[in-house]
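Note that the numbering runs from 1 along the sequence shown for the chain. Keep in mind it's a predicted model, so treat the numbers as computed, not measured. Quick note: numbers below take in every heavy atom, side chains included, and nothing from hydrogens, waters or symmetry partners. Start at 1 and go down the list; that is how both ligands and their atoms are numbered.
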Amino acid sequence: MIGYGGDWNPEQWPEETWAEDVALMREAGVNQVSVGIFSWSLVEPVEGRYEFGWLDRVMDLLAAGGVRAFMATPTAAPPPWFGRTYPEALPVDADGRVLFHGSRQGFCPSSPVYRDKALAIVERIGERYRDHPALAMWHVHNEYGCHNSRCYCDASAAAFRGWLVARYGTLDALNEAWGTAFWSQRYSDWGQILPPRATPSFHNPGQQLDFRRFSSDALLDLYRAERDLLAGLAPQVPATTNLMAGAHWDMDYWSFAREVDVVSNDHYLIGKDPHIDLAFAADLSRSLGRGRPWLLMEHSTSAVNWQGVNRAKRPGELRRNSVQHLARGADAIMFFQWRASRAGAEKWHSAMLPHAGTGTKVWREVVGLGGLLKDAAEVAGSTVTSDVAILLDYGSVWAQDHPAQPTTLHKPVEVIKSWHAELWKLGVTCDVVHPESDLSGYRLVLVPALYLVTDHGATNLERFVADGGTVLAGPYSGIADEHDRIRLGGYPGAWRDLLGVTVEEFFPLEEGESVELAGGGIGAVWSELAHATTATVLDTYVTGEPAWTRNEWEGGAAHYLTTLLAGADLARVLGAVCAEAGVPVSATPGVEMVRRAHADGRGYLFVINHSGADVVVAATGVGLSDGDPVDGELTVPAGEVRIVRETR
Ligand code: GAL
């Protein structure tokens, strides 16, 4: 079964609508919904007084309707009584501003009283629903850190110090790691250490990096506490929390992914090529779960309400987006939210059941998608295999976030996404992996922007190349160690030998400035004075300095770019390294083709035509929805999708 549904928030509606909701869910093919996500103030209207009657009736209706419930813990939105009674638990920003209740996520992640109150309601919910026939999964919290990923209050300061003691053991070790001889920052007592609150000038980079790590860990710790409590009450029920992978960069999702029973992710269209950004988020979600099927917990049927100008989806876009996620490994397609709100801050957010009701484009598409997903039931459990991996480390992104860099125009997430986007256009599906993970299954590893790399990560990449792999690295990668201290002796210190290159100085480019390559391309944002030591120079700036190099290293080879390329220039280099690594490239403009397969070899080809013209692609098998044979060629009409059960 492919899961289908969304967040159901019946508490926003008179009870008369609830039965109609469940009937319409059945009409649309909805088989699972998340409930109770923002219900704390209704379940516990007054501290210590719980009112479950309404939620019992919601769960009973779902059970009777055959719709599975992902029961949420409501801890992402503490009620007004919480903020009034425990003002010390409210989040505080770097400028010392207290953020009051009246919205959501109004709590400090390190607050002991928040933790107590959250666990108290989680325990009640766990006890009450652990054996309910509708219960299929615990949906713990909602989007940890969405609005409160870092808190700078005194409780956070104390927790940060505790985290630092555990990490460094001694103040000497911390002083050494942070380089506190600089600007007279040497600490002589743990109590002197603060979160990076507003200061006259730049923060210590080690302090800011460790605070980002601590803040992510503080949220993860809250997840673990809720999950463990629920697991104790209902060991048979899996737990997840919905991530925002690909869109949100404040949490280290590699650590979150290790703690969930199944990865679930939320994605909203954004950017110039939103469907390509979607593909990145989906590839990352799959990779976070080490390739296992994952759940798309939220996306939108049409417009969101938080982007200023909120573009409605064009006819067919909902279907294409959903099938993209499915193709890239999702075993559930869900939306925020089931019924569009009448009131509240998200009343202008699209939903499965729009304000205008069932006589609408959105509803017709929702019902159509339910049919498609039913036909695709046999896809569930199959996986995607990639020859190519892109390295991603949250710590590296955070370290580079420090404002005192050679240039602030080099934005690692944008660079990573731009490489992924060009691969998408080349028809190459890739994984996104942590630098210390097992790379042996890949032919090609890309390192678009990895400023900080641990010693383990550095040797891991060397071993991959030694064993016959191909690497392409971008500039400003392999520069710093895990404490954000420069690796000395010529850049990029971690991989000078591997790349056969040493860089003596960076020459960042102003906005609009560029370097011309002798081979015809244009580099932007970054240039550098590099010398090939053992590498062969494949292209230079017209002024003669190396632009693209290739170094043979034991069984494999490592390529290096000294500037940022984009579009066709980047595609040319990516195409060359794919060819060298034996990675097939097959591009039909605007057409996305991805494969999933079961361990026993049953495979599926997903073809998503994002273009405005009909296309013909190579495929052999049987159409999943219509059962029609596909004999070598498949026509996919403009804007349409096809899934083929392959016989090859
Ligand atoms: C998500 C959130 C939902 C809803 C949605 C709107 O971040 O989990 O509750 O706010 O965004 O796009």
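Nearest to atom 6 (C) of ligand 1 among the protein's heavy atoms is H349 NE2, 3.1 Å.
Residue E346 touches ligand 1 through its side chain alone, judged by heavy-atom distances below 4.0 Å. Counting heavy atoms closer than 4.0 Å to ligand 1, residue Q337 contributes nothing at all. With a 4.0 Å heavy-atom cut-off, ligand 1 is reached by the side chain of R104 but not by its N, CA, C or O.
Residue pairs meeting the ring pair (Phe, Tyr, Trp, His ring centres under 6.0 Å) criterion with at least one partner in residues 232-252, sequence neighbours excluded, are W249-Y394.
Applying the 4.0 Å criterion to heavy atoms of W306 picks out, from ligand 1, the atoms 6 (C), 12 (O).
Of the N or O atoms in N305, none lie within a sub-3.5 Å distance of an N or O in ligand 1. At under 3.5 Å, a nitrogen or oxygen of E298, whether backbone or side chain, sits near a nitrogen or oxygen of ligand 1. Ligand 1 has no nitrogen or oxygen under 3.5 angstrom from a nitrogen or oxygen of D7.
Note that R213 lies outside the cation-pi zone of W398, set by a 6.0 Å cut-off to the ring centre and a 45° limit from the axis.
Centroid-to-centroid, the aromatic rings of F38 and H139 stay 6.0 Å apart or farther. H299 has its ring centre no less than 6.0 Å from the ring centre of F336.
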